Structure formats: structure tokens, C-alpha cells
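Notes follow the structure.
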2 protein chains.
Amino acid sequence: MNSEEEVNDFVKNGHQQYLPHLSIDSVIFGYHDQQLKILLLKWIGLDGWGLPGGFIRRREPLSQAAHRILQERTSLEDLFLQQFHVFGDSPYRLQERSAREFTEKYGLVVGDDNWLFERTLSIGYFALVDYSKVSVRTDFFTTDYRWWDVSDIPPLLFDQNEVVEKALATLRLQIYHQPIGLNLLPEKFTLAEIHSLYETVLGKELDQRNFAKKLVSLGLIKKLAEQRAIGPHRSPYLYQFEKEAYEDALKQGIVHTY
Amino acid sequence: MNSEEEVNDFVKNGHQQYLPHLSIDSVIFGYHDQQLKILLLKWIGLDGWGLPGGFIRRREPLSQAAHRILQERTSLEDLFLQQFHVFGDSPYRLQERSAREFTEKYGLVVGDDNWLFERTLSIGYFALVDYSKVSVRTDFFTTDYRWWDVSDIPPLLFDQNEVVEKALATLRLQIYHQPIGLNLLPEKFTLAEIHSLYETVLGKELDQRNFAKKLVSLGLIKKLAEQRAIGPHRSPYLYQFEKEAYEDALKQGIVHTY
DNA sequence: CCAAAAGTGTTCTTTATACACCCATGG
DNA sequence: CCATGGGTGTATAAAGAACACTTTTGG
């Protein structure tokens, strides 16, 4: 959605294509530089950072909508994507807001009764993606994007800070039952990398030896013959996920402590 | 909602009061007779059993709507109520269905474009309630109700069997992180009762001695001086939840194994 | 040869599991 | 006095936590 014509049509007639009162907000986690990051978009006019999101087509299954929205935004096909909460309590989501504001800022004339300004509940999804594979597409409303460190999220639009908090809490809880990493790390990685990922997500230190022992003994990762040259230091071995064991653990759940 | 007039108004004008395309389905768990049960309603006309549910008022916070719906149905004020999933994938939820059917069965004339027959996503909540304190209110659409054993749920309307399954799965997962029982048991209970509750929810046997040891050592329950007379057997002691420890465990989570 | 990061085992402590007998009660 | 369900402890096994030194590498 980039041309003024398209945008106009979306604003004026979007309610014919999309379900009103409902949107999807995506918290997209990536991992880079030893930091867990999320992707935020800069909304022009509203002058603030917000989550990528979108609407559900009238006859589109919900989970398909969530995938489509993410795919359109990041160009990723395969990703871990999971619903985690519906947000419908915050006063922001109750306001029928800012039609005027919108008109002023975008130069589009819309009425107070426009579908975009009715009360909207938001279904939160979170995704775990390989940072390096994402190519972000911006559009008319969102001219800029940036990966933000989760410990340093700016004030977001509406109640989206709460959405991010809840996504993080869900991820941290889930890591005790399911493996993560397959979608956050490149295919081959070092022990140091996955170790640091887990420390980052959990926000605490994990014993190096115990951690490696655990992952290997669970059969989730396997050591490759390959090593990686990393400058004037000993070369670490590369590891890879055991896909079958990983998928099993995802489905059946495990009880971890790390 | 009982008089024909009220029902007519709800069908014809409900969309002015409620958000369209969205409903709340409640899976209400109760525990009785050593069985985990859920409350189902018999929908007249549709000729089937279904979950209690309702709609969200246009300016009503989501969680408040969930509480209201449950409160109206069960007369309970304090209960454990938790959102667990949004259902928007099943083909049932895509069908704009049965306006004709409806007209035939209820004798109300409604059009195909009536708000009740548009695609509806459902937000699933589950509640844990003290079976003995519930007094169920029926209405025009639901003339009968019954508590069903979770292992013996009949085919439900739409995709509601899936909703029940997911609620159960969520409850079973959650029991590993949070205590349950405070809302399922009467205030004072015996070790045998709570033990059997946990066995029922988890669907497996738990060692009697280890179970009691664990709950007491976690400080979740405390033994009272009182005993209960139970016929020609040794009288069991009564126990009570330690509210503070219980609430803490709810908030902060625990790692159980039982 | 040195700075920096990698790799690797053992001990101790805590937690979980398995298991069986005596006790109290009312009829 | 007896049938029934209640109550309790200990020993073993498994899992988690704590802990430090040697190796490799390129500059």
C-alpha cells in the first residue's frame, strides 16, 4: 500500500474487505549482536513507534491473516508465529479517536464514523525470526523501521507497550516448555551464541557447562565437524539443531530449568 | 433475556449495543463427585449442546465483558477467569449461516445480513468455579443446562469441541506453574479431595504421600484442627488454602512436578 | 608469547520417586 | 470387631547447581 490512491481506498472502503473492530499486532523478535530485539515501525503523522500489524480479511482464517501480515512485512515464509493474547481492556482501544487528527496529518478527508476509528480489539501474535533474513517493507503509513533492544523499547502508540510486555512474558514462560532458537539463530551456530541467546531471553546468567550438557543430552542440538575462525582465539565448533527432536519437543513440551 | 420482545430486540438491534464479528465462549470448569466437569447449555432450535457465551458491549472492556457474561449465567462474583485463545480458523466460524434455519426454529424473521449470522471470531475464556455455589440461569435460547464430565463431552455446536480441548490443554499446562483448587474446592477440604482433584485434572495418578508433602512444604495449604466425620472411617483433617502463598504462587509461578 | 575466548568433569545438594503399614471411626 | 478410608516416613535415584583450569588461535 503505497500510492495515495490505494491508501484512500483502504481508508474509505477497507471495511468491505476487512473485519472491523479487530486488528492483529505482531511482536517480531529477532536476535542480533547478543541482544533480543523487536521490530518497530515509525508511523508518520502519528509521530511515534508502533508494532507492525494489519487487519483480517472477511473470509480469511485468523492464523492465515497473521501469517500474511507478517509475510507482507518481512518477506519471511517460514516462521514461528503464535497467538498470545487479545487486548481489549485498555482505554486506548476504546477511544473512537482521531479522525480529525488523521485528516490533518495525512491529508485524507475521513469522517468520525470511519471504520478505522471505531473501537478496535487487537489480537497479539509474536514471531521469532532470523534477524539476518528479514527485509522489511515499509509503506505509506510507515516510512521507517528499526530493530529495538527489548530492554530499551520507546513509548509506543496506544497500549502497545503492554502488548510487548505480554509477548516477552509469554516467550519467557514458554521457554521452560519448548525449545527456542531454530527461528532466531542461523542454521549453524556456536555454543556461545545459543548460550547467549538463552541468557538474553531469560534475562539471567546460565552456567556455560550445564547449559551445553543439557541441550546436547536432550538431543536438541548436535556438534558438527566444522569450526569457525574468529580471530586470535580458539575456533569454536559449530552446532546445528536436530530438527526431529526439536519438533518433538515443541509439540510435546519438556520441563526445563536451564 | 426471556421475553419474546427482548429476544426480538436483541436479534434485530443487538449490533447497536454489541460489537459484531466477535463473541466470547466460556468453558466453565467445576469439580464434583471426583470428576472434572464443564457446564454446557442446551440450545433450543439448534438442537445441540454448546458453551455459555455472549457478546461484548461496544464500550465495555473485554475482561469486564467476560466477567459479566459469566456472572449473568452462574451468579458467581469471584471466580478465576482467564482468556486462553481466539478461535478464528474453523470453517464454522466463517459461515454466514442459518438465518433461514433460525427463522424457522425460533419463529423470528431475520434477514441473511443479520449481525448474528455474520462471520464471528470467538474469544475463549475458561473459569474455575465451585460447583456447589453455581446457580445456572437459562434464557430464551438455552432452556436447559447440564454439567458434563470432561471425558464425556458430547458433540458441540460449531467448533466448540476444539474450544473445550484447548481449554483443557491450557489448564493442564498451567497447573505446572500455578496452583489450582482455590476456586474449584469449597473453603475447607480434605487431603483426599484436593489429591483427587489434581489427579482428575492431570489425568494421572499422583502418589498420595508425596503430593501432600509437596503442597504443605510449598506452604499452599495448611492443616486445620477440625476434622470431618465421614461415617465408619477415620475422620480426615480439614485443610485450607494459604491465601497469600497461593496468590504469590499464582502471580510468580512455580515449577511443579507433582 | 600473550590476550581472549573455547572447551570440558566432578562433586555436592536438592528434588523426585517408590514404597507399606498402622490408625481411627461408626455401624 | 471389622471394613473402610486416613495418615504418615524413609531410602534410593535422578536432576540441578556449583565450580576452575587447560587449550587453541592469530596477531
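Chain A is the first sequence line, chain B the second, and so forth, proteins listed ahead of strands; every chain is numbered from 1. Bear in mind that the values here come from a model prediction, so they are computed numbers and not experimental data.
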Please report the distance, rounded to the nearest Å, between [atom1] in [X] and [atom2] in [N].
X	N	atom1	atom2	answer
B:Ile230	D:dG7	CD1	C1'	12 Å
B:Ile221	D:dG7	CD1	P	11 Å
B:Asp207	D:dT12	CG	P	17 Å
B:Phe211	D:dG6	CZ	P	14 Å
B:Gln208	C:dT17	CD	P	16 Å
A:Lys214	D:dA17	NZ	P	8 Å
B:Tyr237	C:dT25	OH	C1'	13 Å
B:Leu206	C:dA16	CG	P	13 Å

Practice item. Quick one: label B:Ala192 by what it contacts on the DNA or RNA (base, sugar-phosphate, nothing), any heavy atom closer than 4.0 Å. Key: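 The answer is sugar-phosphate, as B:Ala192 gets under 4.0 Å only of primed atoms, P, OP1 or OP2.
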Check your understanding: Taking NZ, NE, NH1 and NH2 as the nitrogens, is one of them in A:Lys133 or A:Glu77 under 4.0 Å from a carboxylate oxygen of the other?
Key ->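 The answer is no: the pair does not qualify as a salt bridge.
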Is any side-chain N or O of [X] under 3.5 Å from a base N or O of [N], one able to act as donor and the other as acceptor?
X	N	answer
B:Asn210	C:dA18	yes
A:Arg228	C:dA6	no
B:His233	D:dT4	yes
B:Arg234	D:dA3	no
A:Lys213	C:dT10	yes

Check your understanding: How many angstroms lie between CD1 in B:Ile38 and CH2 in B:Trp147, if you round to the nearest 0.5 Å?
Key ->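 If we round to the nearest 0.5 Å, B:Ile38:CD1 and B:Trp147:CH2 are 9.0 Å apart.
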Exercise for review: Can you establish whether the number of heavy atoms outside B:Phe80 located under 6.0 Å from its atom CZ is more than 12?
Suggested key: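 More than 12 heavy atoms, drawn from other residues, nucleotides or ligands, come within 6.0 Å of this atom.
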Review point. Does the gap between the ring centers of B:His85 and A:His85 come in under 6.0 Å?
Key: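 Ring-ring flag for B:His85/A:His85: false, centres at least 6.0 Å apart.
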Point to revise | Residue mapping more 5' on DNA chain C - nearest nucleotide basis, A:Thr190 or A:Pro232 | key: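 The answer here is A:Pro232.
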Practice item. Among the candidates D:dT8, D:dG27, C:dA18, find the nucleotide nearest to the side-chain atoms of B:Lys223. Key: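 Nearest listed nucleotide: D:dT8.
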Review point. What pair of heavy atoms forms the shortest contact from A:Pro186 to A:Asp130, and how long is it?
Key: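 For A:Pro186 and A:Asp130, the tightest heavy-atom pair comes out as CA-OD2, 3.7 Å.
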Review point. In terms of the nearest nucleotide of DNA chain D, which residue is placed more toward the 5' end: A:Gln227 or A:Arg209?
Key: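 In this pair, the answer is A:Arg209.
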